[in-house]
There are 2 protein chains.
Amino acid sequence: MSETKRELILEAAMVLFEQRGFDGTTVPMIVDKAGVGAGTLYRYFENKEALVNTLFQECVNDVLETLNQSYPHDSNDSRKQFAHIAKQLVSYANKNLTALLFVDSHVNGYYLDEASQAAYMRLRTFFYEFIDQGKKNEIIRPLPADALIAIIDGAFISLYKSCRAGEIEETPELLAGVEEACWDAIRIH
Amino acid sequence: MSETKRELILEAAMVLFEQRGFDGTTVPMIVDKAGVGAGTLYRYFENKEALVNTLFQECVNDVLETLNQSYPHDSNDSRKQFAHIAKQLVSYANKNLTALLFVDSHVNGYYLDEASQAAYMRLRTFFYEFIDQGKKNEIIRPLPADALIAIIDGAFISLYKSCRAGEIEETPELLAGVEEACWDAIRIH
DNA sequence: CAGAACGGAATGAATATTCATTCCGTTAAA
DNA sequence: TTTAACGGAATGAATATTCATTCCGTTCTG
C-alpha cells in the first residue's frame with residue numbers, strides 16, 4: 001500500500017513534467033493529479049528536486065535495461081546490433097512513451113544531480129560503444145558519436161510524438177522505414 | 001534609443017530562456033541581465049508570456065528568412081535544395097546559435113500563443129514543401145515528413161550543442177559529413 | 001535666447017499572487 | 001492501543017506585476 005502512493009506520485013509527476021517541464025509543474029499540480037495530500041509527497045521525497053531526480057534515474061535505468069535485454073554485445077555485426085536497438089526502443093516506447101519523452105526533455109535540466117547525470121551517462125555509453133565498435137570496423141561513419149546518436153534519437157522521438165498526436169499511425173512498414181533511414185544515416189556507403 | 005532597451009531585454013531573455021527554459025527564468029533575472037529596471041520590461045511587453053512569444057516569433061521569422069534567401073524554389077533538384085538548406089542552417093547557427101537553440105527548445109511550450117504557432121508552422125511548411133517535392137520526384141523516402149525533418153533537425157542541433165560545449169570542432173569536413181549523413185537518411189537509395 | 005512647461009521613458013520599491021514546504025490533527029494498520 | 005501513513009490548511013519565501021515618482025530631452029513662451 002505504501003508503495004502505491006509513491007507510484008501514484010511518480011506517475012503523475014512524470015506526465016506533468018513531460019508536458020510542462022520541471023519548473024512549469026507545481027507541487028500542487030502533482031499531488032492533485034496523484035490524488036494525495038501535499039504532505040504525502042514529502043514522506044517519499046525530500047523535495048521537488050529529489051522527486052525529478054529519482055524519477056529521471058528510474059526511467060533512464062529502465063530504458064537502459066530494455067536496451068540491454070539480449071543485446072548481442074559480442075557480435076561484430078553492427079547492423080544486427082542496430083536492429084536490436086531499434087526493436088527495443090520501439091518496444092519501450094509502446095510500454096512507456098511518456099517515460100521516454102520525459103527523459104528526452106529533461107536531459108539538460110540544471111536540477112539534475114550527479115546520480116542522474118551518471119545514470120544518463122551510462123545510457124549514452126551504451127550507444128557510444130555501439131558506435132565506436134561500428135566505426136572501428138568501418139561500418140559506421142567517422143562522425144562525432146553525439147551527432148549520430150542525435151539522428152537516431154531525433155528520428156524516433158519525433159516519430160512517436162507524431163504518433164501520439166494522431167498525425168501518423170505506427171505501422172510495421174513505417175517503423176521499418178524509419179529504422180532504415182537511420183541506419184543509412186550512420187553507416188558508411 | 002528607445003529600441004535599445006527593448007533589444008537588451010530580448011537578448012537577455014533569449015539567453016536565459018535557452019539556458020533555463022521559460023519557467024526556470026524569472027523576470028528579475030531578465031531585467032538584471034539586461035541592466036534595466038523591472039518596470040521597463042512592462043513598457044515594452046505586456047507580460048512575461050508576451051515576451052517569450054514576441055521573441056519566439058522574431059527568431060522563427062529570422063530563421064525562415066535565412067532559409068529562403070536565394071532558395072531554388074523552382075528547381076527539381078532536391079539534392080541542390082538540401083545543400084542550400086544545410087548551408088543556410090550553418091550560416092544561421094554561426095550568426096545566432098542561441099536563437100536557434102531557443103526556438104528548438106521552446107517549440108512545444110504550453111505558453112506559445114496562436115501567432116507563435118502560426119509562425120512556427122510557416123517554418124515547418126518550408127520543410128514540408130521541400131520534402132513533398134522530393135517525394136513526388138521519388139528522390140526522398142516515402143516516410144512522414146515530421147520524422148525526416150526530425151532527423152535533420154536533431155543532427156544539426158546536437159552538432160552545434162557539441163560544438164558549443166567544446167566537445168568537437170566545427171570543421172568543413174565535419175559539416176560536410178553531417179550533411180551527407182542527413183541526406184543519406186532522407187533520400188531513396 | 002533663457003527657462004519654464006511638457007511628456008514619454010525609466011525606475012525600483014510596494015503589492016498581490018503563487019509556490020514549495022511544514023505542521024499537526026485525523027485515519028488506518030498492526 | 002500504539003504507531004505509522006496521510007491529508008490539507010498554514011506558513012513564509014519567491015515571483016510577477018503595478019504604480020508613484022524621477023529623469024531627461026523637446027517644445028513652447030515671454
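Each chain gets a letter, A, B and so on, in the order its sequence line appears, and its residues count up from 1. Because only heavy atoms are used, hydrogens play no part in the values below, and waters and symmetry mates are left out as well, while side chains stay in.
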Using the rule given for side chain to side chain donor-acceptor pair (under 3.5 Å), can you reason through A:N76 versus A:N137, listing the C-alpha separation, both sets of side-chain angles and the distance that settles it, and then say yes or no? CA-CA 8 Å; A:N76 252 336; A:N137 294 329; 3.0 Å; yes

Please evaluate residues A:R141 and B:D184 with respect to the criterion salt bridge (Lys or Arg N to Asp or Glu O under 4.0 Å), reporting the C-alpha separation (whole Å), side-chain torsions for both, the decisive distance (0.1 Å), and the verdict. CA-CA 12 Å; A:R141 306 171 111 105; B:D184 279 334; 3.0 Å; yes

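Rounding to whole angstrom units, CG of residue B:L41 and P of D:dT17 are separated by 9 Å. Atoms CZ (A:R43) and C1' (C:dT27) sit 13 Å apart, rounded to a whole Å. Here the P atom of nucleotide C:dA10 and the CD1 atom of B:I30 are 17 Å apart, to the nearest Å. The nearest whole Å value for the distance from the NZ atom in B:K5 to the P atom in C:dA10 is 6 Å. Distance CD1 (B:I9) to P (D:dA16): 14 Å, rounded to an integer number of Å. The distance from atom OH of B:Y111 to atom C1' of D:dA16 is 17 Å, rounded to the nearest whole Å.
Partner A:Y120 forms a side chain to side chain contact (heavy atoms under 4.5 Å, CB included) with one of A:L112, A:L64, A:V107 and no other, that one being A:V107. For the side chain to side chain contact (heavy atoms under 4.5 Å, CB included) with A:I140, the lone residue among A:Q133, A:R79, A:K135 that qualifies is A:K135.
Ring planes of A:F17 and A:H106: tilted class, angle from 30 to 60°. Ring geometry for B:F126 against B:H73 counts as perpendicular: the plane angle is over 60°, on a 0 to 90° scale with 30° as the lower cut.
Between B:H84 and B:Y71, the ring centre distance stays below 6.0 Å.
Using a 4.0 Å heavy-atom distance criterion, A:V31 is classed as making no nucleic acid contact.
Five base pairs at each end of the helix from C:dC1-D:dG30 to C:dA30-D:dT1 define two local axes, and these are offset by 10° (rounded to 10°).
Geometric assessment of A:K48 against the ring of A:F22 yields a positive cation-pi assignment under the 6.0 Å and 45° thresholds.
For B:Y44 and C:dA10, the shortest distance from a side-chain N or O to OP1 or OP2 is below 4.0 Å.
For A:Q69, the CD atom is densely surrounded, since the number of other residues' heavy atoms within 6.0 Å is greater than 12.
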Between protein and nucleic acid, restricted to nucleotides 20-26 of chain C and to nitrogen or oxygen atoms under 3.5 Å apart, what atom pairs and distances do you find?
unit_1, atom_1, unit_2, atom_2, d
C:dA20, OP1, A:K48, NZ, 2.8
C:dA20, OP2, A:V27, N, 2.5
C:dT21, OP2, A:Y42, OH, 2.8
C:dT21, OP2, A:K48, N, 3.0
C:dT21, O5', A:Y42, OH, 3.4

